[in-house]
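So that the names make sense, note that chain A is the first sequence line, chain B the second, and so on, each numbered from 1. Excluded from the calculations below are hydrogen atoms, water molecules and symmetry mates; all remaining heavy atoms, backbone and side chain alike, are included.
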Number of protein chains: 2
Amino acid sequence: MTVAVSSDSLIRPRVSGASLKSEFVAFKVNRIVEAASHLFYERGYSSCTLDNVASQLSVTKPFLYSYFKNKEAILAAICEVGISEALAVLEDVLAHEHGSHRARLAEVVRKVGQIVIDRQEYVVVYQREMKHLSAEDYKRILRLRHSFDHQIGEMIREGVASGEFREDIDPFIAVWIGGLISWIPTWYSSSGQRSAEEVIEYLVQAALRLAGAE
Amino acid sequence: MTVAVSSDSLIRPRVSGASLKSEFVAFKVNRIVEAASHLFYERGYSSCTLDNVASQLSVTKPFLYSYFKNKEAILAAICEVGISEALAVLEDVLAHEHGSHRARLAEVVRKVGQIVIDRQEYVVVYQREMKHLSAEDYKRILRLRHSFDHQIGEMIREGVASGEFREDIDPFIAVWIGGLISWIPTWYSSSGQRSAEEVIEYLVQAALRLAGAE
DNA sequence: AAAGACATCTACCTGCTAGTAGTTTTTACA
DNA sequence: TGTAAAAACTACTAGCAGGTAGATGTCTTT
């Protein structure tokens, strides 16, 4: 098999436990997820066949089955990307940003907005196709999502308690902020009029305005 | 065929051109659209079979084909409901509400929010499944949507020009307000903690805050 | 270079689903 | 009540898509 040697996961020096073989596997899994995500985004999960995904990668269907149990497992992998990255960013900000609540909120919204733009297709597929997940995958991913929503709600609550956000703000506003963020991938286009930076700045301002923290 | 005699479209006295027969047809078309909308909402368009839709109505597949050209035509009918109602409301408000720009914006957002909650399933199906429309239906419905977005943008622009909204507001904010509205059906549940009225009040406040018109 | 292990493919099955042809039932009206 | 037209149904086809069994190719190791 010919492999792009410049890929991140290949040039990075090997660390402790990870064997070269498992890195190859991870690389292929990743390529499958990328290709599937793109096709599911364009045609929808149910209308997109595994033959489509395979031919996009110039391989065959049984190739996919040697890396994923079934079609649904590929969807689960896609759904997990966006939400787990967002959660990682959130926890990173909570751990390292020790400024005002306002600054923390702005930072989280900015970084999550960036992920949502970077991972646009993943996020859209996640939102649209989650119902096709198996019960187990569905529960697992919903837990991640709830953890995220809960922590954002906490941030708002603390900001209100500290007097930095307007006191008539309901932590429920976190849902609306989530809405702003989730809405981006349905209309943002990298080839559109607005740059990603512009959109993110708007997003941050809008979120702060909703939180009453301008 | 047994028909619910209490249905609106049947007890309403006949008007001028519409024949009784065409009212029957409209009634059946409507029932098909309702049932299909519900099932497409739950299982997704592609995964939902026409046999599913038929059996939901206790009829058979060829019955559907005598009222719709094909599966896609049913989807088009569903997609059209929400957006054309929203457009009707918008034009009604623009024609009759002659108060401040702030009042107009609040009224449009309130009424469209109400539609989005009433027609929740239609709106979700519209957002999720639009890409499965034929090229013609897609263009037709996109035109309705653009008309709506454009008019909202106009409202904001006028509000800014009149000095009622903050001058640093970009009409692009209309996209964000659209996001707030479109977001509702993905999380609102009539059996949830928040009542429809509460949600709509929040929505209106959030929209005004985004427009800088508090 | 031979052998075994591993990766990938060819070729297939099975069940499903959009769409249809032709028959039966129901309705409308005389 | 008889008849024609309209409405709905039964029974079918053709093609597709998820999933698999077994064959083929390709490395590694000795």
Side-chain angles (χ1 to χ4, degrees), chain A residues 1-5 10 14 19-33 35-36 39-40 42-78 129 131-134 137, chain B residues 1-5 9-10 14 19-33 35-36 39-40 42-78 125 129 131-134 137:
Chain A
M1 184 173 62
T2 316
V3 172
V5 185
L10 287 181
R14 287 182 49 202
S19 75
L20 183 59
K21 190 155 83 181
S22 77
E23 282 180 51
F24 266 102
V25 169
F27 177 79
K28 283 181 266 188
V29 164
N30 201 38
R31 290 290 298 272
I32 292 172
V33 170
L39 290 174
F40 291 176
E42 284 193 331
R43 307 184 197 179
Y45 172 71
S46 304
S47 317
C48 179
T49 74
L50 290 181
D51 282 321
N52 294 152
V53 176
S55 79
Q56 169 94 353
L57 292 164
S58 306
V59 295
T60 59
K61 195 162 49 174
F63 175 89
L64 307 179
Y65 275 89
S66 56
Y67 295 95
F68 288 93
K69 192 167 131 275
N70 52 30
K71 191 182 181 186
E72 182 269 326
I74 301 180
L75 179 61
I78 294 170
E129 314 290 0
K131 64 180 164 309
H132 293 115
L133 293 174
S134 69
D137 286 327
Chain B
M1 184 176 59
T2 316
V3 172
V5 186
S9 56
L10 287 180
R14 285 181 51 199
S19 74
L20 183 59
K21 191 153 84 181
S22 76
E23 284 181 49
F24 267 103
V25 169
F27 176 80
K28 282 181 265 188
V29 164
N30 201 38
R31 290 289 299 271
I32 292 172
V33 170
L39 290 174
F40 291 176
E42 284 192 332
R43 307 183 198 178
Y45 172 71
S46 304
S47 318
C48 180
T49 75
L50 290 182
D51 282 320
N52 293 152
V53 176
S55 79
Q56 170 94 353
L57 292 165
S58 305
V59 295
T60 59
K61 194 162 49 174
F63 175 89
L64 307 180
Y65 275 89
S66 56
Y67 294 95
F68 288 91
K69 192 168 132 274
N70 52 30
K71 190 182 180 185
E72 183 269 324
I74 301 181
L75 179 61
I78 294 170
V125 171
E129 314 290 1
K131 65 179 163 308
H132 293 115
L133 292 174
S134 70
D137 286 327

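With hydrogens and angles ignored, no donor-acceptor pair closer than 3.5 Å exists between the side chain of A:K71 and the base of D:dG19. Scanning atom types as modelled, no donor and acceptor separated by under 3.5 angstrom connect the side chain of A:K61 and the base of D:dA17.
You'll find the side chain of A:L50 reaches within 4.5 Å of the side chain of A:I74, heavy atoms only.
Among the protein residues, B:Y67 comes within range of the sugar-phosphate backbone only, with heavy atoms under 4.0 Å from sugar or phosphate atoms but none that close to a base.
If you measure from atom CG of A:L50 to atom P of D:dC16, you get 16 Å, rounded to the nearest angstrom. For the pair B:F63 CZ and D:dA8 P, the interatomic distance rounds to 5 Å; values are reported in whole Å. Atom CG in B:L75 sits about 17 Å away from atom C1' in C:dG19, given to the nearest Å. As rounded to whole Å, 15 Å separates atom P of C:dC12 from atom CG of A:D51. Between the C1' atom of D:dA7 and the CG atom of B:L57 lies a distance of 16 Å, rounded to the nearest Å. The distance from atom CZ of A:R43 to atom C1' of D:dC16 is 14 Å, rounded to the nearest whole Å. D:dC16 atom C1' lies 11 Å from atom CG of A:N52, rounded to whole Å. Rounded to an integer number of Å, the gap from A:L64 CG to D:dT20 P is 13 Å.
The 5' end of DNA chain D is approached more closely, in terms of each residue's nearest nucleotide, by A:T49 than by the other of A:K69 and A:T49. If you find the closest nucleotide of DNA chain D to B:V59 and to A:E72, the one lying nearer the 5' end belongs to B:V59.
Of the possible donor and acceptor atoms, none in the side chain of B:H132 sits under 3.5 Å from a partner among the backbone N and O of B:L75. Judged purely by atom type and a 3.5 angstrom limit, B:E72 uses its side chain to pair as donor or acceptor with the backbone of B:S134. Between the side chain of A:S55 and the backbone N or O of A:N52 there is at least one donor-acceptor pair closer than 3.5 Å.
For B:P62, taking side-chain heavy atoms from C-beta onward, the closest of the listed nucleotides C:dG19, D:dC9, D:dA21 is D:dC9. The listed nucleotides are D:dC9, C:dA7, D:dT20; the one nearest the side chain of A:Y65 is D:dT20. Nearest to the side-chain atoms of A:T60 among the listed nucleotides D:dG19, D:dC9, C:dT10 stands C:dT10.
Relative to the ring axis of B:Y45, B:K71 places its NZ or CZ within 45° and under 6.0 Å from the centre.
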